[in-house]
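A short write-up of the structure that comes next.
The structure displayed is predicted, hence computed values, not measured ones. Numbers restart at 1 for each chain; the letters A, B, ... are given by sequence-line order, proteins then strands.
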There are 2 protein chains.
Amino acid sequence: MDVVSNNLDLRAAPQIVTLRSALGDILRRAIVSGRFMPGQKLVERELCELTGASRASVREALRQLEAEGLVTLRPHRGPFVMSMTVEDARQLYGVRGVLLGYAARLCAAARPAAALAAIASATEALGQGAAAADHRAIVQSGDAFHAAIGAGSGNAVLQQMLASVHNRLALLRNLSMALPHRVREGLAAYAAIRDAIAAGRPAEAEALCLDHNDAGAALALCILEEAEGHRARREARTG
Amino acid sequence: MDVVSNNLDLRAAPQIVTLRSALGDILRRAIVSGRFMPGQKLVERELCELTGASRASVREALRQLEAEGLVTLRPHRGPFVMSMTVEDARQLYGVRGVLLGYAARLCAAARPAAALAAIASATEALGQGAAAADHRAIVQSGDAFHAAIGAGSGNAVLQQMLASVHNRLALLRNLSMALPHRVREGLAAYAAIRDAIAAGRPAEAEALCLDHNDAGAALALCILEEAEGHRARREARTG
DNA sequence: CATAGAAGATTGTTAGACAAACGGTCAATC
DNA sequence: GATTGACCGTTTGTCTAACAATCTTCTATG
């Protein structure tokens, strides 16, 4: 340690000290962002070439993603990006409802300054994104909003579970690029949640989150069912 | 859809096809059952010798257990059995409350026959275990009771998350073998939950589960705080 | 007594190997 | 013509061996 190190942020070395965690992050991002589509088969050798890592490291990362519910490891057949049925989505939304509601309740009860700022900022960003019809910005600020509530709950276990559910639901988002008129209503819902939390009304915040979640679930399930119908029809025609 | 498929369940081949999943189960059981104590360092070489598997397989299994929150993998220091602070336990119980409540609600709404039977059976077993003061039986039937509610919810995501939280809380149980007079009150609570579910009263089942969870949390936190106090005192004396 | 430094042990990661299992092709059979 | 069965390439599951980076421990030194 020399003179220079005094000026810099000491607790550097985030988590990128190990290749395995970096690999996990890279693959997770690739899946959540839609770089790998749901249902797609992932070949270990390809992942190795793609990332430059060895098979052992790739397999360790895949094992973690499996535990997170983002990939399924079918024995002797290899890893596949998790593909959701309508029933899966229904269950995920159900769990997200109670978790998100609980998080909002805690958040509204504790009202940590950082979380309030993050929530307000995300709401603001969503508004701008909606005005500019910037799809990427809308998605990103939506994620930020939910992440802020999770972090603001002060419950790390809850936060992690919410993130896991959220990541899996993101798979669904990649299936259909549709979020058409939902933005307008969504914006109002986000603002209402933000206000309820900022004002310290836990019960109201929870109820609003439940409504918001149900609305999202209804839309997603509708889209998913239609997509599944499409698939079924196509298969019926082909087979 | 032939004649045979109606009577027999064809899909044999459980899940023990891969060594990695078997390893994961073995290590998980070893941790949850207290064979490895919380905070204990796990040396890869020892695990290899203990299980007869190679380092690669052991590391894959450890990676999964890490994602489940049962071990922490500290970079360049190795895997440790997760040890819980009072705050960790508080957060886990908080999450378990909402998840268990939700599961009971769903269970009471759907009332699948298999779940009702399993719940009744577990309650019965708990009563017998309590009468015989059979510690192992009490623990086992308690686990079975919670597992039955999770399974009865019909929500696989919820079931898995409940199991994860439950496993982590089992670590706490290994810290102190104490569940002294809690059995008597516990028995009544279990019976009440069973009845509420069997009678199809979702709101009541949820409320009872929340109470039950709070009672467990209070006791566990009390014990944990005492244990932590012990540790602090001992460290103060030693250091 | 504190500290620097060397020695040993453990982890992180790679490479290569091999058996078992899977998916598909293609001929033989009913 | 459709089904059965054998063959073959590919991929996975698992192991062994190895090496650099890092942690821990012990020792020697000021």
Residue set satisfying side chain to side chain contact (heavy atoms under 4.5 Å, CB included) with B/D134, at least two apart, ordered chain then number -> B/A132, B/R136, B/A137
Applied to residues 64-87 of chain B, the salt bridge (charged side-chain N to carboxylate O under 4.0 Å, His left out) test, sequence neighbours excluded, yields B/R28-B/E68, B/R63-B/E66, B/E87-B/R90
For nucleotides 6-20 of chain C, 5' to 3', base contacts (B), sugar-phosphate-only contacts (S) and non-contacts (-) with protein non-hydrogen atoms under 4.0 Å give -----BBBB--B---
For B/T123, the side chain to side chain donor-acceptor pair (under 3.5 Å) test, sequence neighbours excluded, returns none
The side chain to side chain contact (heavy atoms under 4.5 Å, CB included) partners of A/A125 (sequence neighbours excluded) come to A/S141
Quick note, salt bridge (charged side-chain N to carboxylate O under 4.0 Å, His left out) partners involving residues 137-159 of chain B, not counting sequence neighbours, are B/D143-B/R173
Nt span of DNA chain D in reach of chain B heavy atoms at under 4.0 Å, 5' end first, is D/dG13 to D/dT24
Sorted by chain and residue number, the side chain to side chain contact (heavy atoms under 4.5 Å, CB included) partners of B/L23 (sequence neighbours excluded) come out as B/L19, B/T51, B/A53, B/S57, B/V58, B/A61
Residue set satisfying salt bridge (charged side-chain N to carboxylate O under 4.0 Å, His left out) with B/R59, at least two apart, ordered chain then number -> A/E60, B/E44
